[in-house]
**Q** 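To start, I am sharing the structure in question, which I have written as structure tokens.
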There are 2 protein chains.
Amino acid sequence: MKIAVLGTGSVGRTIAGRLSGLGHDVTVGTRDPQATRARTEPDGTGNPPYSAWAADHDRVRLATLADAAASAELVVNATSGHGALPALEAAGADHLADKVVLDISNPLDFSNGFPPTLFVKDTDSLGEQVQRAFPRARVVKTLNTLTAELMVHPENLGQESSVFVSGDDAAAKATVTELLTSFGHTDVIDLGDITTARGTEMLLPVWLRLMGSLGTAAFNFKVVR
Amino acid sequence: MKIAVLGTGSVGRTIAGRLSGLGHDVTVGTRDPQATRARTEPDGTGNPPYSAWAADHDRVRLATLADAAASAELVVNATSGHGALPALEAAGADHLADKVVLDISNPLDFSNGFPPTLFVKDTDSLGEQVQRAFPRARVVKTLNTLTAELMVHPENLGQESSVFVSGDDAAAKATVTELLTSFGHTDVIDLGDITTARGTEMLLPVWLRLMGSLGTAAFNFKVVR
């Protein structure tokens, strides 16, 4: 499948690398590809410069957000929470129309330090904001409840764990569930419509405390039933 | 141990019955014991009248909130979210002083229908509100992330799942962890101080959506790591 991954951070790279490894035709979208390529220092969260990652992933193209989305059949939003709507605006509503938009972003607000709070919650969600802003897109919220490496290699935990899908379009959720299954996920729970993203986005506060308490991000929730 | 359980709903009854069965000396606290005993109709959530439950649990006493708390070594708050602070006020700050207060309540606001929203979240929690209102109490938030029956019989799931403790007092958390272990819990995760209750209280929105999606409350989260 032709897939655009918006975002060059660790989530974007991890998803893009995995999709490419599975044989998909992947383009990473970024605001300014030249600037992204030219960086030689680690980014704000300590990731090596994009060019170092790209050297190991030469089948993954880099393009503007609009160009990446224009040619894609499915668009992954792997930006930060604050970056989500601006990136999707730059990608262009027409380039998202009728496409599955797999949204991983979390509405984390770091302005008051760590742990972050949520800039939208409880009566609304970032997933819903994205769906409202792009009504022709078929938004599916998923993978926002675990660390990047486990999104694409859940078997690394050695035990089954769960991921969730939220969205208004059943066929879009089926497409996303197929992708998740190809990553190795064996327990994909359909929570319902896009408003159920409130639930998974509000998992972040306990996820962050667990990371602190366990001293690792290498964990995930299994819904035991 | 002499234990007061504040609240006569399904959580209060389930905890009180289990503690009594384990040999503890349990008193349930309610605003008006005579009125509680006199009711002959199911309560607002469909529980049978308290007297029917009490007939099967004759070692569990019923008393006012203040009397129950006064004679207890440990106090369980098993009220609704809105009921928590009023019930603890009625129990009396002096009767809570230096005692472990095991708080199960969730800040659920049903005023806009189902699923409920949270009346405190993200930058504060009900657990913290209780601790601030009763600074001499040793508050431990726990068990608010699963259905009543599984709180006291986690083995019913057939697989290990996790519960969490949040509180400022390490000895209080150790006491609560011992109780949880006696209920059958084998994975008790200490999240840290009472502010980490923000995390577990914010689990409720996804818990509620899972209940809808799975069609049952008989599930729990296991933190796989």
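Every chain is numbered from 1 and lettered A, B, ... according to where its sequence line falls, protein lines coming before strand lines. Everything numeric in this text was worked out from a predicted model, so none of it was measured.
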**Q** If you count heavy atoms of other groups shown closer than 6.0 angstrom to CD of A/Glu178, is the number above 12?
**A** no
**Q** By a 4.5 Å heavy-atom criterion (distance strictly below it), what part of B/Thr195 contacts chain A: side chain, backbone, both, or neither?
**A** backbone
**Q** Would you mind checking which part of A/Ser162 comes under 4.5 Å of any heavy atom in chain B, side chain (CB onward), backbone (N, CA, C, O), both or neither?
**A** neither
**Q** Let's test your reading of the structure: which of A/Asn220, A/Leu208, A/Thr123 forms the most heavy-atom pairs below 4.5 Å with chain B?
**A** A/Asn220
**Q** What's the shortest heavy-atom distance between A/Glu160 and B/Val224, and which atoms?
**A** O-CG2, 3.7 Å
**Q** If you look at every heavy atom in B/Val223 and A/Leu214, which pair is closest and at what distance?
**A** CG1-CD1, 3.9 Å
**Q** Report the distance from atom CZ of A/Arg209 to atom CG of B/Leu191, rounding to the nearest 0.5 Å.
**A** 9.0 Å
**Q** Using heavy-atom distances under 4.5 Å, tell me whether B/Asp190 contacts chain A through its side chain, its backbone, both, or neither.
**A** backbone
**Q** Under 4.5 Å, counting heavy-atom pairs only, tell me which of A/Thr200, A/Asn156, A/Thr216, A/Leu210 racks up the most with chain B.
**A** A/Leu210
**Q** Please list, chain by chain and in numerical order, all residues satisfying side chain to side chain donor-acceptor pair (under 3.5 Å) with B/Asn47, sequence neighbours excluded.
**A** B/Asp43, B/Thr45
**Q** Report which part of B/Leu150 has an atom under 4.5 Å of a heavy atom belonging to chain A: side chain, backbone, both, or neither.
**A** neither
**Q** To the nearest 0.5 Å, tell me how far A/Met202 CE sits from B/Glu201 CD.
**A** 10.0 Å
**Q** Tell me, out of A/Thr117, A/Asn112, A/Ile189, A/Thr196, who's got the most heavy-atom pairs with chain B below 4.5 Å.
**A** A/Thr117
